[in-house]
Amino acid sequence: MLLVLIIATSSVFAAEKYTVELEMKDGELIPQTLEVPAKTPIRIKIKNTGTSPVEFESTQLRKEKVLAPGANSVVVIAPLKPGRYTFFDDFHLSHPQGEIIASEKAD
C-alpha cells in the first residue's frame, strides 16, 4: 500500500512541472529567454542541434548539463521565486547568455 502511495505521489509531482524547450546550437541559445511561472517546478528539455558539445550552466541555479552533438536531455529546477536567472553555454562563453524569467503570470 505504501509503495502505491509513493508512486501516486511521484506521478502527481511529475505532472505539476512546467516544461519549456531550449535548443543549443554551437553557442546559440534558442530561445534566449525562457519565461516560466514562479513557485512551480520547471523542466527544461534541452536539444543540442549543433556540431560541437554544449554545456547548459547556471551558477545562480547550481545546474549544469553537458550534451554531445545531437543529444537531448532534461534539467529540472525547483520552484523559483519571481526574478531573473541567467544561464549560459559554458563551452561557448563568447556567445550571449540566456535568461530565465520567473513571474507570477507566466504562461
Distance in Å, F56 CZ paired with D89 CG, rounded so as to fall on 0.5 Å steps = 10.5 Å
So, do I46 and V75 sit near enough that their side-chain heavy atoms are less than 4.5 Å apart?
-> yes
Heavy-atom distance under 4.5 Å between the side chains of P69 and T51, does that happen here?
-> no
Flag the pair S103 / P82 as yes when at least one side-chain heavy-atom distance between them is below 4.5 Å, and no otherwise.
-> no
Could you give the distance from CZ (F88) to CE (M24), rounded to the nearest 0.5 Å?
-> 9.5 Å
If you take all heavy atoms of T40 and E16, which pair is closest and at what distance?
-> CG2-O, 3.6 Å
Straight-line distance of N48 CG to D26 CG, nearest 0.5 Å | 7.0 Å
Counting only heavy atoms not in K25, do more than 12 sit closer than 6.0 Å to its NZ atom?
-> no
Residues R84 and Q60: closest non-hydrogen pair is O-NE2, 3.8 Å
Who passes side chain to side chain donor-acceptor pair (under 3.5 Å) against E57, sequence neighbours left out?
-> none
Roughly how far, to the nearest 0.5 Å, is CD of E35 from CD of E99?
-> 9.5 Å
Shared hydrophobic cluster, F91 / L22 (ILVMFWY, side-chain heavy atoms < 4.5 Å) = no
P96 side chain near Q32 side chain, heavy-atom distance below 4.5 Å = yes
Report yes if the side chains of S52 and H92 come closer than 4.5 Å at any heavy-atom pair, otherwise no.
-> yes
Between K63 (side chain) and V76 (backbone), is there a donor-acceptor pair under 3.5 Å?
-> yes
Can you tell me how far CD of E21 sits from CD1 of I30, rounded to the nearest 0.5 angstrom?
-> 12.5 Å
Can you check side chain to side chain contact (heavy atoms under 4.5 Å, CB included) on V20 and V36, steps first, answer last?
-> CA-CA 8 Å; V20 292; V36 301; 4.0 Å; yes
Taking the side chain as every heavy atom from C-beta outward, state whether L61 and L80 have any pair of such atoms under 4.5 Å apart.
-> yes
Could you walk me through whether I100 and I44 pass the side chain to side chain contact (heavy atoms under 4.5 Å, CB included) check?
-> CA-CA 10 Å; I100 297 170; I44 303 174; 4.0 Å; yes
Sequence neighbours excluded, which residues qualify as side chain to side chain donor-acceptor pair (under 3.5 Å) partners of T19?
-> R43
Can L29 and F87 be said to form a side chain to side chain contact (heavy atoms under 4.5 Å, CB included), step by step?
-> CA-CA 10 Å; L29 306 170; F87 65 92; 3.7 Å; yes
Could you tell me whether E23 and K47 have a side-chain N and a carboxylate O separated by less than 4.0 Å?
-> no
Interatomic spacing from NZ in K65 to OG in S58 - rounded to 0.5 Å | 14.5 Å
Minimum-distance pair of heavy atoms, taken over all atoms of H95 and G27 | CB-O, 3.2 Å
